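This one's a predicted model, so the numbers in the text were calculated from it and none came from an experiment. The figures that follow rest on heavy atoms only: side chains count, while hydrogens, waters and symmetry mates do not.
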Amino acid sequence: MASSGGAAFSIARPGGQWQNNDLSSGGTDEMRNGRASGRRFGSEDTGGETLVADVDTHYAAQLKPSRLSGKSLTYMVTFVAGTGFTLFGYDQGVLSSLLTLPAFEEQFPQTANGFGGSRSATLQSFLVAIYELGCMAGALSNLYVGDRLGRRHTITLGGCIMIVGAILQTAAVDYAMMLVARVVTGVGNGLLTSTVPAYQSECAKPHKRGQLVLIEGSLITLGVMMSYWIDLGFFFTTGSISWRFPIAFQILLAAIMIVSMYAFKLPESPRWLAAKGKYAECLAVLAALEGTSVDDKKVMSTFNGICDAISAEQAGGFGFRELFTNGRGQNFRRMLLGVTAQCFQQICGINLITYYLTSVLTDLGLGAEMSRIISGVNGTCYFLTSIVALFVIERVGRRPLMFWMALLQSFTMAILAGLYNKSKEDNKPAQVISVLCLFLFNTWFSIGWLGITWLYPAEVTPLRIRAPANALSTASNWIFNFMVVMATGPMFANIGWGTYALFAAINGIIICPVVWIFFPETKKYSLEEIDIIFALGHNEKKSPVWYSKRPEDIPEAGSKEAERILGREVPSHPDMSEKKTGHKGMRKVIKDNDGKPVTQHFENANSKV
């Protein structure tokens, strides 16, 4: 890499050699015209060369996108993203034990008696479920906000809104105020949960992407576990602090997430930067994530793949109708896969446990204190078993885990349905087995459905529609979440054991067959290779599921064969000149007083990404 003078940059040569080119000493005709055509590495189909786009690598090398780099940066991105999901889990579980708390029922008498009456069950369920409507509104607002603010600032905005909502919940004095407060909190959480998975996926290496996003899923259960134990601790206090403090505690989690984001100067997603024409910054972030220099072969290869994808995906202006098109991109099919995965996560029955576990245990005949203790233990097991998924996701894959865990969930719910009436009759063996089944259901769900359904939509959708498609899939999560949470109380009040039977049927008759037939595997594929899988399916009139199980048939992203499959016979790279992008910091060739070409930068070299 040239180390002196803004006019020097490097061009890759075949075989990994680098040639320094100084514009002030003449250079080639292309350089004099302000366009350095680089060579690129990587693809055997192109004679061992891969085009490096016209980005000023000297300028990119001087950018400092973060205070961290390499593994430290990856871990901190995961920590911040995970804190967001811990906050999400905490907010999901915190009301579970509060709903049956005497001080809470006294403050909000509309919810008293819970499952004991149809009206109280409906009002209680509405108080819990309205949060999901706020989440859906936040997720849908990401259609407009996400690509304009970027991943990082959208996450921060979501956290700030959640803090405001938590303050309002803590200060609530009546049922109406609590409803409004939960909607506000939900809007913030909807922004978070529709952005964090994409941010994590776009910053992660392909072979680590699944594990890193599943860590976030485990942290959802950590948040649930924390809420159950904090609820238990304040069960022994008196007055409104017994429910106000547990709700207020989530403010701390949101503050940690926001402060960490800026204290460590975490970078923006490299794919978002490239999509916005900030190519030098994209290259700098990729190098920081790898812990290497911008001229590293692996960094350049990744950069080229991103630019190739953006070149095709940004052809023409984006319109919302593109979400409903197919062709080689298979946009509609891929959007539906994300939406369906999030839907299945909610209708499998997990929210019956997460939001109402204490009420469910009380309904089985257990006492108030014992119900809360078992809830805490259940939450702890939920968290511990979710860690199992971290070790099997890249070995087993997404598709098999979703299928087999849904089948086991069906069996578990069927057993709960069969023992329901016996448990209510104070039959101890039936109560013990029912409690065990609640533990087992959480185990199956945490391994097969907890984190994977946040990872899968971010993996399966193409970059051009990723933000709006992820927003819609997350909105699907929340609308079906609302439906289940809203219906659970009245269902128990009116059909009893039929509640469990319904969820058993949904898992066995709907979820299992759909996953097996329509869900392709994404294990260890780069985001660009997944584009190729769907294009192959379209071109050859076969299911993408078939190709996803045959990695040997998938050509390398950026190769001539890949370009042909994607309908791009010749790689079409974006014009990264300032004239085209209007972006500061790119190389612009001008002439000095002697008429010699030199390079001028419009940003200070120490500018921050």
Would you say the ring centers of F344 and F480 fall short of 6.0 Å from each other? no
Keeping E394 on the side-chain end and F391 on the backbone end, is there a donor-acceptor pair under 3.5 Å? no
Heavy-atom closest pair, residues V484 and T488: O-OG1, 2.6 Å
Verify the neighbour count for atom OH of Y75: are there more than 12 heavy atoms of other residues, nucleotides or ligands below 6.0 Å? no
Would you check if the side chain of T325 reaches a backbone N or O of R321 as a donor-acceptor pair within less than 3.5 Å? no
Spacing of R334 atom CZ and F534 atom CZ [to the nearest 0.5 Å]: 5.0 Å
Looking at D174 and M177, would you say the former's side chain and the latter's main chain have a donor-acceptor pair under 3.5 Å? yes
Quick one: do L68 and T74 satisfy side chain to side chain contact (heavy atoms under 4.5 Å, CB included)? Show the steps, please. CA-CA 9 Å; L68 305 173; T74 300; over 6 Å; no
In terms of heavy-atom contacts, A341 and Y456 come closest through CB-CD2, 4.4 Å
Quick one: OG1 on T461 to CZ on R333, what's the gap to the nearest 0.5 Å? 14.5 Å
Is there side-chain contact between Y131 and D91, with at least one heavy-atom pair below 4.5 Å? yes
From T100 OG1 over to L95 CG, what is the distance, rounded to the nearest 0.5 angstrom? 11.0 Å
Evaluate the side chain to side chain contact (heavy atoms under 4.5 Å, CB included) criterion for residues L266 and V80: first the C-alpha distance (whole Å), next the side-chain angles of each, then the deciding distance (0.1 Å), finally the verdict. CA-CA 9 Å; L266 295 190; V80 169; 3.5 Å; yes
So, does R182 use its side chain to make a donor-acceptor pair with the main chain of V128 at under 3.5 Å? yes
Report the C-alpha separation of Y279 and F303 in whole Å, then their side-chain angles, then the decisive distance to 0.1 Å, and conclude whether the side chain to side chain contact (heavy atoms under 4.5 Å, CB included) test is met. CA-CA 9 Å; Y279 301 103; F303 178 71; 4.1 Å; yes
Distance-only polar pair, side chains of N351 and Y356, donor-acceptor under 3.5 Å: no
Validation row: W478, L133 side chains within 4.5 angstrom (heavy atoms): no
Close side-chain approach of M486 to T122, heavy-atom, < 4.5 Å: yes
Would Q107 and S240 count as having a side-chain donor-acceptor pair, cut-off 3.5 Å? no
Taking side chain to side chain contact (heavy atoms under 4.5 Å, CB included) as the definition, give me every residue that meets it alongside V259, ordered by chain and number, with sequence neighbours left out. A263
Taking the side chain as every heavy atom from C-beta outward, state whether V285 and E268 have any atom pair closer than 4.5 Å. no
Contact summary for G159 and I258, nearest pair of heavy atoms: C-CD1, 3.8 Å
So, taking the atom named CD1 in I387 and the one named OG1 in T221, what distance separates them when rounded to the nearest 0.5 Å? 7.5 Å
What is the distance from atom OG1 of T453 to atom CD of Q345, rounded to the nearest 0.5 Å? 3.0 Å
Would you say L101 and F234 make side-chain contact, with heavy atoms under 4.5 Å? no
Do any N or O atoms from the side chain of K71 and from the backbone of G291 form a donor-acceptor pair under 3.5 angstrom? no
From the list V224, I353, L450, side chain to side chain contact (heavy atoms under 4.5 Å, CB included) with N442 holds only for I353
Taking the side chain as every heavy atom from C-beta outward, state whether L472 and S476 have any atom pair closer than 4.5 Å. no
Do I167 and V164 pass the side chain to side chain contact (heavy atoms under 4.5 Å, CB included) test, and can you show the C-alpha distance, the side-chain angles, and the key distance before you say yes or no? CA-CA 5 Å; I167 292 172; V164 173; 5.8 Å; no
Any donor-acceptor N/O pair, E290 side chain to K298 backbone, under 3.5 Å: no
Ignoring hydrogens and angles, tell me if any N or O in the side chain of R152 forms a donor-acceptor pair with the backbone of S269 under 3.5 Å. no
Without swapping roles, check the side chain of N304 against the backbone of M300 for a donor-acceptor pair under 3.5 Å. yes
Side chain to side chain contact (heavy atoms under 4.5 Å, CB included) filter on A103, not counting sequence neighbours, yields S242, W243
Test side chain to side chain donor-acceptor pair (under 3.5 Å) applied to Q346 and N481, step by step: CA-CA 5 Å; Q346 300 308 313; N481 197 330; 3.0 Å; yes
Would you check if there is a donor-acceptor pair between the side chains of Y262 and T156 at a distance under 3.5 Å? yes
Any side-chain heavy atom of Q342 within less than 4.5 Å of one from P457? yes
Do the side-chain N and O atoms of T195 and T154 include a donor-acceptor pair separated by under 3.5 angstrom? no
Between R244 (side chain only) and T170 (backbone N and O only), is there a donor and an acceptor less than 3.5 Å apart? yes
I need the F519 CZ to I452 CD1 distance, nearest 0.5 Å. 11.0 Å
Judged by modelled atom types alone, do W229 and T380 share a side-chain donor-acceptor pair under 3.5 Å? yes
Answer yes if the side chains of T385 and S446 hold a donor-acceptor pair under 3.5 Å, and no otherwise. yes
So, does N142 use its side chain to make a donor-acceptor pair with the main chain of L191 at under 3.5 Å? no
Considering only heavy atoms from C-beta outward, does the side chain of I220 approach that of S386 to under 4.5 Å? no
Over 60° means perpendicular and under 30° means parallel, so classify the ring planes of F445 and Y382, tilted if in between. tilted
Smallest heavy-atom separation, V187 atom then A137 atom, equals CG2-CB, 4.4 Å
Over 60° means perpendicular and under 30° means parallel, so classify the ring planes of F104 and F108, tilted if in between. tilted
Residue pairs fulfilling ring pair (Phe, Tyr, Trp, His ring centres under 6.0 Å) with at least one residue in residues 143-188, sequence neighbours excluded: none
Check K523, R399, R398 against E459 for a salt bridge (charged side-chain N to carboxylate O under 4.0 Å, His left out) and give me the one that passes. R398
Which pair of non-hydrogen atoms, one from S96 and one from L357, has the smallest distance, and what is that distance? OG-N, 3.3 Å
